[in-house]
Each structure stands twice: as C-alpha cells, then as structure tokens.
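Just so it is clear, the values below take in all heavy atoms, side chains as well, and ignore hydrogens, waters and symmetry mates. Letters A, B, ... are given to chains in the order of the sequence lines, protein chains preceding strands, and every chain is numbered from 1. Just so it is clear, the structure is predicted and the values come from calculations on it, not from any experiment.
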Number of protein chains: 2
Amino acid sequence: MPNPLTRKLELFGELPAEDRRLLDAVATGRRSVPAKTSIIQEGDAPSDVHLVLSGFACRSKVLANGQRQIFAYLVPGDFCDLHIFILKAMDHSIETLSPCEMVAIPRARVLELTGRPAIARALWWSNLVDEATLREWLVNLGQRDAVQRIAHLFCELHLRLASVGLVRDGEFSLPISQSELGDTMGLSTVHVNRALQSLRRQGLIGLESHVLTIPDIDRLRKFGGFNPNYLHLEGGKTDRSPTGGVRPG
Amino acid sequence: MPNPLTRKLELFGELPAEDRRLLDAVATGRRSVPAKTSIIQEGDAPSDVHLVLSGFACRSKVLANGQRQIFAYLVPGDFCDLHIFILKAMDHSIETLSPCEMVAIPRARVLELTGRPAIARALWWSNLVDEATLREWLVNLGQRDAVQRIAHLFCELHLRLASVGLVRDGEFSLPISQSELGDTMGLSTVHVNRALQSLRRQGLIGLESHVLTIPDIDRLRKFGGFNPNYLHLEGGKTDRSPTGGVRPG
DNA sequence: CGATAAATTGAACTCTATCAATAGGTGTGG
DNA sequence: CCACACCTATTGATAGAGTTCAATTTATCG
C-alpha cells in the first residue's frame, strides 16, 4: 500500500520501482500530533522536512492585530517545508487543524530522494502545482463572493483528496471549523455560516459533523467557477474526463 | 553594467565571474513590446523563456464573466515562465502593462544557465521568493482593507524596484492605471481612486503622472503592515537595516 | 485639435462585518 | 450521571466597506 506521498507524486508520472520503494520507506517513524498544534513557527529554521500522512494541517500567518490568514491546506502527501534548503527562515507558520500523523524527514534523507531524477522532477511539479494553487486562491479572494468562494474551495479539496484516495461516494472528511474556514477565505465566521447554509439550501453540498458531501460535483464546479487545469493533473496518469480522472468509489 | 537579472540574482549571494558573464550575455536580442500586449496566453506551451528587462508586465487570469485578477507584477529581472520545463501548459496569461523590453531565451540557453550550481540555487531562491510574495498578496486580499492593501503593495514595489536600482529619492515609475490596480487588489476602479486619495490626503504617498513618491517609507510600512521578511533579502549581500538594504540614490 | 482612455465625483445599493445573544456539543471533574 | 466550562454553530439586528451606475473632468496620443 503506497503512502500518500508516493501516490501523489505518481500523478505526475510513473516512478521507477526503486524510487517508489524509497518514497514508501520514508513514512516510517510517524508520530501523532493533536489538532491545533504548532509544527513550525514563522522565523524558525527547521532542520527536518515535515510530511503529512493523515489529517489536515495548514500554512498561516498571524498579523499584529491578531487576524489570521490561512493560505494553504496541507493534506496527506504534502510536504510542509521543502524550502529549508534555500531559505534561512520560515516566513510563515505551520500548524495542524485536525489531529495528524506526520513524519520528520532529515535533510540527508531528502537529499537522497532529490538525487533521484524522477523524484526530483515530481517534487518540482508538485511545487509548481502548489504555486498555481496559491494563484487560484488569489483569484478566489479577489473576484468571487463568499458563497462561490467556498464552493470553489470545496471543489479543489474534492479533487486533491480524491487524488490521494480520500474521497468515497462524493464524501470526504473536512475536519475544520467554520472559523478556520473564515480565516482561509477572508470572511467572518458569521458570514461563513450563512454561506454554508446557502450552499446547503441550494442542494450543492451537505455538511454534517465534519463530513462534506457533494451530490453533484459538476454542478458545484459550475457554481464556483472551478476549472481544475491549475492542478496540472492532465499530463500524468489521470485522464481528461470532466472530473479530472477522479471517480466515485 | 549588469542587467537586472544578474543584479537580482546577486541579491541572494555573490556569483562567480563566469556565471555573471553568462547571465549578462543573456540580455542580447531584446525586443520592445508595446503596453497591454499579450506575451503568453493561458493554455500555451511556450518554447522559450521570457525575461523582462524594462517596464512592467503581469501574470493574470480572466474569468468567464470577464473579471480579471492580476496576481503578480513582473518587473525588470523577472522571468515570466520558467516552469515550461515541467508543466505542459500555462495556467495563466502574461501581458505587458507598460511598454517593455523583453528577451526570449531558448530552452537550451536556460538549461545552460541552470547547469551552473550558483545560478541554479539563485533561481530556486528567486522562485521561492515569488511564491512567498503570492502568499503575502493573499494575506493582503484576505485581511486588509482597501487603503492598507494598496499601501502594502506600494511598499513591496518600492523594495523590489529598489533592489534592481529603479528607485531614486523615494520615487519610482508606476506605469499602471487605476483600473489595473483594481484588478490586482480585488477592488473596483472607483474604490481604488478613493483609496489613493486617502493615502495622498494622509501624506503617505504622492502619485502624479505615473510617478509614485513615498516621502517616508517607514510610515507607509507601518500603515500597511508591511514586513519585508517574505522577500528574503536578509541572507544575501543586503544588510539588515530597516529599509532592507535599500538606500535612496 | 479631436478622439479616446483615464481619473474623479456623487448617490444608491449590496455584501460582509460586527455586536450580541442563544443553542448545541464535548470533555472534565465530582 | 450530572454540572460546569468551553468551544462551535446559529440567528437577528445594525453598521460599514466596497460596488455599481452614471456623469463629468482631466490626460493622453495621433
């Protein structure tokens, strides 16, 4: 059973068996981290690279006045801080949203991985996708109203989680609070609540006890103006169907 | 006289003379591009890498309803599309804002550059800074009101342009319209206009015939909540003074 | 100098935030 | 098992920031 990192990187293209073995081996020594726990603080210079194996974490920054902006969700298969090889200090923080399983991979081990050309290319691809995602979030905050904005985010999570096998029958676990959603979308908690009700009322989503249900993903995509091209999944092993290679079940 | 690319990359660290020579040589064959001209369209798979030598260009995306979001300004020394080595197609467009001078560098030439370890590292650094900038813009859109938002953008441009020698006495050329500013900040043209007036009224900026004057950068930074750490200039040849190594003149 | 784009202003309207209160859930200690 | 504390979700009412529409003035450019 491949770990989520291997699974994600193979979306870019098939990996040599030896590479796959190396990647799978990296998931040993996992540790459980409770929800709402800081992994890395702004200003830190971590020596290990952290990888999420289960649960949701996030990148975020807290302003002087206490406002917080979350600018990425880290889901299983995502690296937290690959840039430590270049940058002197973190310019943002990383913390868990839900209880997570993580591994801390020593620099040397990561260098071993990036020494393998296929892995290096896949990691580069993954980094470019992260960057494209950031751009799409900017479009989301700049151009869409609250309801569309949240719909768009849910479409993205649906696809990203499906690509690591975490979606079943259009349902997936969304272990975050409405206030955290607000910090993600630049909205107040109250308004997030009302936007969610609007989505439910329109039958676009179901959301109960932190399980999100999307009865008709195409409808939600149309509503939120979601176009999956920025996730750059079309070149790899996935197909070009409207759902971007993701099928229920 | 080094070109702006060389100058920018040396902010990360001194380069071997031979590397510098290679980088400077890349600026031959420049061509002039008028304002508001498309360089690369979403969906394209460009074969050359484009570099800005003078003027302002931008990354942007236009939604189905005609709304546009600009998510990066490309100023002298910035590459437009280094990712063509990995991604199959552009997920956004690039166009000039002002008249620009650009060069199209063939893939092979770029590979020659990235074959030099010091250049490769500097380019990686530059890419990470671009990504951090994107995150900061997300904070800007998500958490700050219109006036602070614009103030923050101006502080960033001040520092970035100063780092390639384009700021004199707190003044620099800002060859973009208020409507483009609006597309950048997720604001209507009308509101941008009023926000600019507010900044002028407070004596935080002067802006006349596309020349921006910042009489007191520290005051503007405080107002906009600007912290230059995300531009990661502190590790290179610049100092740690409050202006991040940038001095008038 | 005329034509066109950009900047500016006013007024009405909308979306989102804020304040405040209530209800539901969960975990802890007794 | 209950009481309590605390956090999350929900609802109502009000205020504010930003948009939209429309008109006018000011630049800019051939």
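As judged by a 4.0 angstrom heavy-atom cut-off over every strand, A:Asn193 is placed among the base-contacting residues. Among the heavy atoms of the strands lying under 4.0 Å from B:Gly186 are primed sugar atoms or P, OP1, OP2 only; no base atom is included.
Distance from the side chain of B:Leu187 is smallest to D:dG18 among D:dA13, D:dG18, D:dT10. The side chain of A:Val190 sits closest to C:dT18 out of C:dT18, D:dT28, D:dT20. For B:Lys36, taking side-chain heavy atoms from C-beta onward, the closest of the listed nucleotides C:dT18, C:dA6, C:dT16 is C:dA6. Here the nucleotide nearest the side chain of B:His210, chosen from C:dA20, C:dA7, D:dT8, is C:dA7. Minimum atom distance to the side chain of B:Ser177 is reached by C:dA7, of the listed C:dA7, D:dG18, D:dT11. Across D:dT19, C:dA17, C:dC19, the shortest atom-to-atom separation from the side chain of B:Ser188 is found for D:dT19. You'll find that the side chain of B:Asp145 is closest to D:dA17, out of D:dA17, C:dT9, D:dT11.
In this model, the phosphate group of C:dT16 is not approached by any side-chain N or O of A:Arg144 to a distance below 4.0 Å at OP1 or OP2. One finds a side-chain N or O of B:Gln197 lying less than 4.0 angstrom from the OP1 or OP2 phosphate oxygen of C:dT9. Remark: A:Arg200 is not in phosphate contact with D:dA9, judged by side-chain N or O atoms under 4.0 Å from OP1 or OP2.
Inspection of the B:Thr6 and B:Asn3 side chains reveals an N or O donor paired with an N or O acceptor under 3.5 Å. Side-chain contact of A:Glu136 with A:Asn140: a donor-acceptor pair under 3.5 Å is absent, judged by distance alone.
Checked against a 6.0 Å centroid threshold, the rings of A:Trp137 and A:Tyr73 count as neighbours.
Here D:dG16 presents its P atom at 17 Å from CD of B:Gln148, a figure rounded to the nearest Å. Summarising the geometry, the separation between CG on A:Leu181 and P on C:dA17 is reported as 13 Å, rounded to the nearest angstrom. Distance NE2 (A:His191) to P (D:dA9): 16 Å, rounded to an integer number of Å. Spacing between atom CZ of A:Arg194 and atom C1' of D:dA9 amounts to 12 Å, rounded to whole angstrom units. Distance A:Arg201 CZ to D:dT10 P: 12 Å, rounded to the nearest Å. Spacing between atom CG of A:Leu141 and atom P of D:dG18 amounts to 14 Å, rounded to whole angstrom units.
Between B:Phe172 and B:His158, the ring planes lie tilted relative to each other; the angle falls in the 30° to 60° range.
Among all heavy-atom pairs drawn from B:Ala146 and B:His191, the shortest one is CB-CD2, 3.4 Å.
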